[in-house]
Number of protein chains: 2
Amino acid sequence: MTTRQAGLRERKKQATRVALREAALRLALERGPDDVRVDDIAEAAGVSPRTYNNYFSSREQAIVAAVTAEREARVAAAVTARPAGTGLAEAVIDAIVEHYTDPGEHGRDALLMITTRPALREAFIGATTAIERPLAEAIHERLGETGRHTARVLAASVAAAVRVALEDWVRPGSASGGLVVVSGSLPDLLRGALAPLAPALDAADQRHTRPDRSPAS
Amino acid sequence: MTTRQAGLRERKKQATRVALREAALRLALERGPDDVRVDDIAEAAGVSPRTYNNYFSSREQAIVAAVTAEREARVAAAVTARPAGTGLAEAVIDAIVEHYTDPGEHGRDALLMITTRPALREAFIGATTAIERPLAEAIHERLGETGRHTARVLAASVAAAVRVALEDWVRPGSASGGLVVVSGSLPDLLRGALAPLAPALDAADQRHTRPDRSPAS
DNA sequence: ACGCAAACTTGCGTGTACGCAACTTTTGTC
DNA sequence: GACAAAAGTTGCGTACACGCAAGTTTGCGT
C-alpha cells in the first residue's frame with residue numbers, strides 16, 4: 001500500500017464526490033441553476049442518477065458543496081495551527097474570518113448566483129452546519145479531555161453565529177422601513193456575530209488552563 | 001369584527017395547521033409512521049394533498065410539529081416573564097429546561113416513536129431552530145435596542161446548544177468502545193449543554209446594564 | 001494467486017415536493 | 001350591500017429522493 005492509508009476505495013469515492021459537485025456547479029453556471037437536471041449532473045460526472053443521490057440529497061446541496069467544500073477542514077486546521085498561547089476566542093474568530101473571507105477557488109460569479117436564487121441561498125446557509133464536527137474536534141484539542149461536551153456546544157454556537165452573519169450578508173437589501181441596514185463587509189459581519197460568543201470561548205479556555213469547580217450548582 | 005384583530009382568515013389557517021399536525025401524529029401512532037401516506041393526513045384534516053404541502057414540506061415535519069409546536073412561543077414568553085433582576089443566563093436556561101422537560105400534552109409514546117425512527121429523529125432535532133426567532137425577540141427585549149444583533153446570535157447559539165443536548169439524549173446508546181456514555185436525564189443534559197454559554201449571556205447582560213467599551217481586543 | 005466478505009453502484013418502483021394557473025374565500029372600501 | 005384586490009385552496013404535471021435487491025468492485029486473509 002504505497003498511498004498512505006487512503007485506499008483505492010476511498011480515493012475513488014472522493015473523486016466521484018468532487019466530480020459531481022464540480023459538474024453541478026459548472027452546469028448551473030452555464031445554463032442557470034433551474035435548467036440543470038439531476039440526470040445531467042450525473043451524466044457529466046460519469047455515474048448513474050441513482051449514485052448521484054447516494055452522495056447528495058438535493059441538487060442545491062451539490063452545487064453549494066462545490067463552493068463550501070473543504071472550508072470546514074481548513075478552518076479547523078487553522079484553529080489547531082494557532083500558537084498555543086493564543087486565546088481560544090481569538091484563534092477561532094481569526095480562523096473563521098480568514099477562511100470565510102477568501103472566496104475559494106471558485107469565482108465570485110458562483111457566489112452571486114447562489115446568493116441570488118432563494119433555493120441555493122438556503123442550501124448555502126444550511127451548509128454552515130458542516131463545520132461543527134471538525135471545529136468541535138479542533139476546540140476539543142485545545143481544551144483537553146475534560147472539555148469534550150463544551151467543545152461541541154461551542155462549535156455549534158460558532159456555526160450558528162456564522163450562519164447569522166451569512167444570513168445578514170446574503171439578505172437582499174434593507175427593509176424600506178429604514179430599520180435594519182446591516183450589510184457591511186463579510187469580515188465585519190462575521191466579527192460582529194462572533195463577538196458575543198467571545199466570553200464563552202474564553203471562559204472555557206480559562207477553565208481548562210486552571211481546572212477548578214464543575215459548572216453545575 | 002368581534003374577535004380582536006385575529007381575522008377569520010388567520011384563525012382558519014391556524015386551525016388547518018393544527019388539524020394537519022394532529023392528524024399526522026394520530027395516524028402515525030395508530031399505524032406506525034411508515035404506513036401513513038400524505039393523502040391520508042390530508043384527508044383526515046379535510047384538505048387536499050396539495051394544501052397539506054402548503055403547510056408542511058415533509059411528512060416528518062408535520063408529525064414532529066404536533067409535539068414541538070408552541071414550545072417556541074412558551075419558552076420565549078417564559079424568558080420575558082422572569083423578573084427583570086434575574087440574570088439573562090439564569091432566565092434563559094431555566095425557561096428552556098422547564099419547558100423542554102415537560103413532554104407537552106402528547107404522551108411519551110409519541111416521543112418514543114419519534115426518537116426511535118431515524119427520519120423522525122432528524123426532523124425532531126431540526127425543529128430546534130424554530131425557537132430562534134421568538135427567543136431572539138425575548139432576549140432583545142431584555143438587552144434593549146442596542147443588542148439586537150447580539151440577541152440573534154445568542155438565540156441561535158442557545159438553540160444550537162439545545163440541539164446538541166437533544167442529540168445526546170436521543171442517541172441510541174453509548175459506543176461499545178466505552179467512551180461516551182452521556183445519556184443522563186434531559187434536564188441535566190440541557191443544563192450541561194447550556195452552561196458553556198452562560199458567560200456569553202451574562203456578558204451581554206452586563207454590557208447592557210452598564211454600556212462601556214467595545215469587545216475588541 | 002484465489003476467493004470470500006464488505007462496500008459501492010445501478011435500475012426500478014413508489015411516494016413525495018413544488019411550480020403553475022384556475023378557482024374560491026376573505027377583507028377593506030365605497 | 002356590492003365589488004375589487006389580496007390571500008388561500010386545489011388539480012395537474014414534472015422532477016426528485018430514496019428503499020430495495022441484484023450486480024460489480026475492492027480489500028484482505030490464506
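These numbers come from a predicted model, not from an experiment. Here is the naming used below: chain letters follow the sequence lines, and residue numbers restart at 1 for every chain.
Along DNA chain D, the nucleotide closest to A:V38 and the one closest to B:G46 are compared, and the more 5′ of them pairs with B:G46. Along DNA chain C, the nucleotide closest to A:S48 and the one closest to B:E10 are compared, and the more 5′ of them pairs with A:S48.
The side chain of A:N53 lies closest to D:dC18 when the candidates are D:dC18, D:dG8, D:dT9. When distances run from any side-chain atom of B:N54 to the nucleotides C:dC18, D:dT9, C:dT9, the shortest one goes to D:dT9. With distances taken from any side-chain atom of B:R9 to the nucleotides C:dT25, C:dA17, D:dT26, the minimum falls on C:dT25. Of the candidate nucleotides D:dT9, C:dG15, C:dA17, C:dG15 has the atom lying nearest to any side-chain atom of B:R37. Of all nucleotides listed (D:dG27, D:dT10, D:dA17), D:dT10 comes nearest to the side chain of B:V47.
Under the 4.0 Å criterion applied to side-chain N and carboxylate O atoms, B:E167 and B:R163 are assigned as salt-bridge partners. A salt bridge is defined here as a Lys NZ or Arg NE, NH1 or NH2 lying under 4.0 Å from an Asp or Glu carboxylate O, and B:E22 with B:R26 fails to meet this definition. Taking the charged nitrogens against the carboxylate oxygens, B:R21 and B:E70 do have a contact shorter than 4.0 Å, which makes a salt bridge. Salt bridge present: B:R82 and B:E98 bring a charged side-chain N and a carboxylate O closer than 4.0 Å.
As a whole-Å value, the separation of A:Y52 OH from C:dC12 C1' is 19 Å. Between the CZ atom of A:R59 and the C1' atom of D:dC18 there is a distance of 16 Å, given to the nearest Å. Atom C1' of nucleotide D:dG8 and atom CZ of B:R11 are separated by 16 Å, given to the nearest angstrom. Between the P atom of C:dT10 and the CD atom of A:E43 lies a distance of 13 Å, rounded to the nearest Å. Between the P atom of D:dG8 and the CD atom of B:Q14 lies a distance of 11 Å, rounded to the nearest Å. Nucleotide C:dA17 holds its C1' atom 12 Å from the CD atom of B:E60, rounded to whole Å.
Using a 4.0 Å heavy-atom criterion, one finds that B:F56 contacts no nucleic acid atom at all.
B:N53 places no side-chain N or O within donor-acceptor distance of the main-chain N or O of B:R50, the cut-off being under 3.5 Å.
Between the side chain of B:R50 and the base of D:dG11 there is at least one donor-acceptor pair of N/O atoms closer than 3.5 Å.
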